Amino acid sequence: MEKKRKDKNLVVQKYGGSSVADRRSIERVAERVISSAKRGKKIIVVVSAMGKSTDELISLAKKINPEPSDREMDMLVSTGEQISCSLLAMSIHKRGFGAVSFTGPQVGIITDTYHTQAKILKIETERIRQQLENKTIVIVAGFQGISTALEITTLGRGGSDLSAVALAVALGAETCEIYTDVEGIYTADPRKISDANKLSFISYDEMLELASAGAQVMHTRAVEVAKKFNVRLHVRSSFSKKEGTLIMGQTPLIEETVVRGITLTENEAKITICDVPDKPGIAAFVFDKLAKIGVNIDMIVQNVSRRKMTDISFTVSNKNLNKTIKKTEEIAAKIKAGKVNSNKNIAKILVVGIGMKSHSGVAARCFSVLAKNKINIDMISTSEISISCIVNKNIGKKALAVLHAEFGLGKGRRKKRER
Ligand code: ASP
Ligand code: MG
């Protein structure tokens with residue numbers, strides 16, 4: 001994709017599945033789009049499939065054939081977005097405005113040939129531009145494109161975010177608005193921390209860390225593309241008029257923020273290979289074999305060796321636990337290691353903030369507040385802008401709460417500071 005000069009008057013708005021879940025929601029989105037058009041904006045709308053309809057199509061397919069081909073899956077699931085985009089166009093027409101809906105292939109979203117996981121190679125913008133010139137609202141079905149082999153492809157689950165960001169890049173929109181059912185990005189999941197704050201802004205890198213830890217508000221690749229081309233994202237609710245969270249490169253330094261947000265992940269398990277011979281090539285062998293079965297390893301910790309033996313622990317998503325244990329046992333036998341243990345009773349806390357680059361002692365502060373609260377840390381890993389700790393699952397929520405308070409992220413603290 002090429003970088004275009006930014007056009008301030010051009011807006012890409014993406015509405016997720018929950019924002020177009022039924023007739024009423026589609027009509028609400030139509031009103032919203034029209035009100036932006038009335039403010040003189042040129043609008044490209046990207047929609048997801050209605051509600052949970054993609055899941056329903058996938059489960060229907062699997063009843064008919066438990067192992068459907070990827071090509072036919074793309075033929076099937078791409079229809080979800082075609083339904084929502086045409087209904088939205090009709091709803092806008094009824095309100096007296098011009099709109100036209102397109103599938104990804106119709107507007108020339110060209111992808112590679114990897115069905116169900118395709119990557120966008122380029123976007124031919126001519127057709128969209130013509131419509132925008134005529135003051136027509138352009139609605140594009142998200143999540144799909146046409147491959148270089150002229151087949152319909154999809155971009156991976158949640159891929160409408162990516163369609164929206166890619167269109168914003170190709171057309172030169174300055175901002176891409178991501179409408180969803182939450183009001184933005186929070187300092188912590190508000191379902192777990194009642195005084196979590198909505199952030200006014202967050203950097204791309206911080207958002208990428210949070211997204212990789214499972215904050216499902218934004219598609220990770222979409223944030224990567226936005227970062228690469230410097231497209232500002234505005235994550236906001238389609239159910240309210242409130243401003244949401246801006247995701248951008250350089251966040252304003254209004255106040256000293258060391259930690260931007262904290263997540264708690266409770267769906268990972270830890271696997272330990274005991275008594276691993278401590279010699280070159282062993283770690284490479286273990287993780288190469290695990291990579292081959294397609295499991296994503298998260299944290300890895302290797303202990304200091306005692307008498308030429310060491311323990312290696314790592315975490316994986318619970319859903320891959322059984323196959324990972326099986327494979328790990330085979331590997332342990334091959335390398336003449338000892339037992340393989342696993343523990344599902346863990347939680348991962350991820351503390352994220354670009355302020356960590358310039359402030360020292362953040363890790364020490366995390367560990368000491370956990371210690372003060374008698375929370376034992378099982379594993380630790382860090383990046384330039386994050387610290388993650390594995391703790392016992394029973395105290396995961398408590399660990400989240402004490403860290404959230406320690407870094408002043410709760411509502412109470414903020415009010416006090418403003419006074
Ligand atoms: N409808 C697709 C999905 O559910 C794409 C999207 O929602 O972004 O994964
Ligand atoms: Mg979605």
Side-chain angles (χ1 to χ4, degrees), residues 12-22 25-26 28-29 33 44-62 68 70-89 101-107 109 111-112 114-120 123 138-147 151-169 176-182 185 207-208 211-212 214-226 231 233-239 244 247 317 319:
V12 176
Q13 299 187 333
K14 180 257 171 178
Y15 293 90
S18 54
S19 299
V20 291
D22 51 26
S25 316
I26 290 175
R28 203 188 49 241
V29 168
V33 171
I44 298 116
V45 182
V46 175
V47 284
S48 289
M50 293 171 70
K52 300 246 171 291
S53 61
T54 308
D55 292 327
E56 284 155 18
L57 289 171
I58 293 171
S59 90
L60 175 61
K62 297 223 158 136
D70 288 344
R71 180 191 183 277
E72 298 309 328
M73 279 313 276
D74 277 351
M75 288 295 288
L76 178 70
V77 295
S78 58
T79 62
E81 273 69 13
Q82 197 173 335
I83 293 173
S84 48
C85 74
S86 49
L87 290 174
L88 179 59
S101 69
F102 291 116
T103 64
Q106 279 178 306
V107 285
I109 299 183
T111 75
D112 62 20
Y114 290 92
H115 282 291
T116 76
Q117 284 296 337
K119 288 213 162 66
I120 298 176
I123 299 184
V138 176
I139 308 167
V140 181
F143 175 55
Q144 55 184 268
I146 184 163
S147 75
E151 299 280 15
I152 292 176
T153 49
T154 62
L155 309 175
R157 294 306 306 272
S160 300
D161 286 348
L162 194 58
S163 311
V165 174
L167 281 164
V169 172
C176 176
E177 300 182 327
I178 306 283
Y179 286 92
T180 175
D181 52 3
V182 293
I185 314 295
M207 190 63 223
L208 286 167
S212 71
Q216 279 167 350
V217 192
M218 272 293 309
H219 191 277
T220 316
R221 255 166 67 208
V223 181
E224 279 165 4
V225 174
V231 174
L233 302 173
H234 185 177
V235 178
R236 58 193 304 185
S237 166
S238 68
F239 299 83
I247 309 178
S317 158
K319 69 175 196 286

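Both ligands and their constituent atoms are indexed starting at 1 by order of listing. Note that these values count all heavy atoms, side chains included, but never hydrogens, waters or copies made by symmetry. In this text, all values refer to a predicted model and were calculated from it rather than measured experimentally.
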Heteroatom proximity flag, [X] to ligand 1, N/O under 3.5 Å:
{"X": "Lys14", "value": "no"}
{"X": "Thr54", "value": "yes"}
{"X": "Gly158", "value": "yes"}

Exercise. So which heavy atom on Ser101 is nearest to which on Cys85, and how close?
Worked result: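 Closest heavy-atom pair between Ser101 and Cys85: CB-O, 3.4 Å.
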For this session: Mark up the atoms of ligand 1 that fall under 4.0 Å of a heavy atom belonging to Ser48, in ascending order.
Result: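 What qualifies from ligand 1 is 6 (C), 7 (O), 8 (O).
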Exercise. Which ligand 1 atoms does Arg157 reach within 4.0 Å, using its non-hydrogen atoms?
Worked result: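 Checking each atom against Arg157, I get 3 (C), 4 (O), 9 (O).
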For this session: Go through the side-chain N and O atoms of Thr153 and Asp74 and say whether any donor and acceptor fall under 3.5 Å apart.
Result: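 Checked: Thr153/Asp74 side chains show no N/O donor-acceptor pair below 3.5 Å.
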For this session: Among Asp70, Thr154, Ile152, find the residue that satisfies the side-chain contact (heavy atoms from CB on, under 4.5 Å) test when tested with Met75.
Result: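 Result for side-chain contact (heavy atoms from CB on, under 4.5 Å) with Met75: Ile152.
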Exercise. Which option, Ala222, Ala49, Ser160, Gly142, owns the non-hydrogen atom nearest atom 8 (O) of ligand 1?
Worked result: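 It is Ser160 that holds the nearest heavy atom.
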Exercise. Within the distance-only criterion (no hydrogens, no angle test), does the side chain of Ser147 pair as donor or acceptor with the backbone N or O of Thr111 below 3.5 angstrom?
Worked result: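 Here the side-chain-to-backbone pair does not exist.
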Exercise. Partners of Ile83 by side-chain contact (heavy atoms from CB on, under 4.5 Å), sequence neighbours excluded?
Worked result: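 Here the qualifying residues are Met50, Leu87.
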Exercise. At a non-hydrogen distance cut-off of under 4.0 Å, which region of His219 contacts ligand 1 (side chain, backbone, both, or neither)?
Worked result: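 For His219, no heavy atom sits under 4.0 Å from ligand 1.
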Exercise. Could Arg157 and Asp55 be called an ion pair, given the rule that one side-chain N must be under 4.0 Å from one carboxylate O?
Worked result: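 Yes.
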Problem set entry | Any Glu81 heavy atom less than 4.0 Å to ligand 1 |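 So Glu81 counts as touching ligand 1.
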Exercise. For Gly159, is the nearest heavy atom under 4.0 Å from an atom of ligand 1?
Worked result: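 So Gly159 counts as touching ligand 1.
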Exercise. Going through the checks in order, is the side-chain contact (heavy atoms from CB on, under 4.5 Å) test met by Ser48 and Lys14?
Worked result: CA-CA 8 Å; Ser48 289; Lys14 180 257 171 178; 3.6 Å; yes
